[in-house]
Amino acid sequence: SPSRAWMRGLLDRGGMFDLYRHFHPTERAAYTHWNQKSGAREANVGARLDYILVSDTTIWKDCEILTDVGGSDHCPVTAVLGAFSARPAGQL
C-alpha cells in the first residue's frame, strides 16, 4: 500500500528505526488501532498506526504496545531507556 511504502522509505532512507520492531522482530498482529464500531479490538483485527521512531537503538532497553489500556481506538506505545552513566545525587 502507499502508506507502507512511505513508511518503508522513511525507515530505509531516513536513518530511523521502528523501536518496537527492533525489539520484537517476529511479533505478528501487533496493532495499536482498532475500529471501535465493529468490535475489532476484541478480535484483534487492527492496524499499527502508532510508532516510536529513533535514530539510535543502543540506548533503549525495550518498547511495548500496551494493548490492555482501553478508553480509545488507539493504545499507548512505550519505550524504556537503558542504563546510562549519571552523577550520583548531590554531586556537581
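Counting from 1, the numbers follow the sequence of the chain as shown.
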Those residues at least two apart in sequence (or on a different chain) that pass side-chain hydrogen bond (donor to acceptor under 3.5 Å, both in side chains) with N35 are none
Does some side-chain heavy atom of [Y] sit less than 4.5 Å from a side-chain heavy atom of [X]?
{"X": "W60", "Y": "V54", "answer": "yes"}
{"X": "E27", "Y": "Y20", "answer": "yes"}
{"X": "C63", "Y": "R21", "answer": "no"}
{"X": "N44", "Y": "Y31", "answer": "yes"}
{"X": "V77", "Y": "L19", "answer": "no"}
{"X": "L53", "Y": "L11", "answer": "yes"}

So how far is it from [X] [atom1] to [Y] [atom2], rounded to the nearest 0.5 Å?
{"X": "D73", "Y": "W34", "atom1": "CG", "atom2": "CH2", "result": "9.5 Å"}
{"X": "I52", "Y": "F17", "atom1": "CD1", "atom2": "CZ", "result": "15.5 Å"}
{"X": "H24", "Y": "D18", "atom1": "NE2", "atom2": "CG", "result": "10.0 Å"}
{"X": "S3", "Y": "R8", "atom1": "OG", "atom2": "CZ", "result": "12.5 Å"}
{"X": "H22", "Y": "T58", "atom1": "NE2", "atom2": "OG1", "result": "8.5 Å"}

Output yes when a side-chain donor or acceptor of [X] lies under 3.5 Å from a complementary backbone atom of [Y], and no otherwise.
{"X": "R41", "Y": "H33", "answer": "no"}
{"X": "Y51", "Y": "R48", "answer": "yes"}
{"X": "T32", "Y": "L49", "answer": "yes"}

Work out which heavy atom in S72 is nearest to a heavy atom in Q36; give both atom names and the distance.
C-NE2, 3.4 Å
Might you point out which heavy atoms bring D50 and H74 nearest each other, and give the distance in Å?
OD2-ND1, 2.8 Å
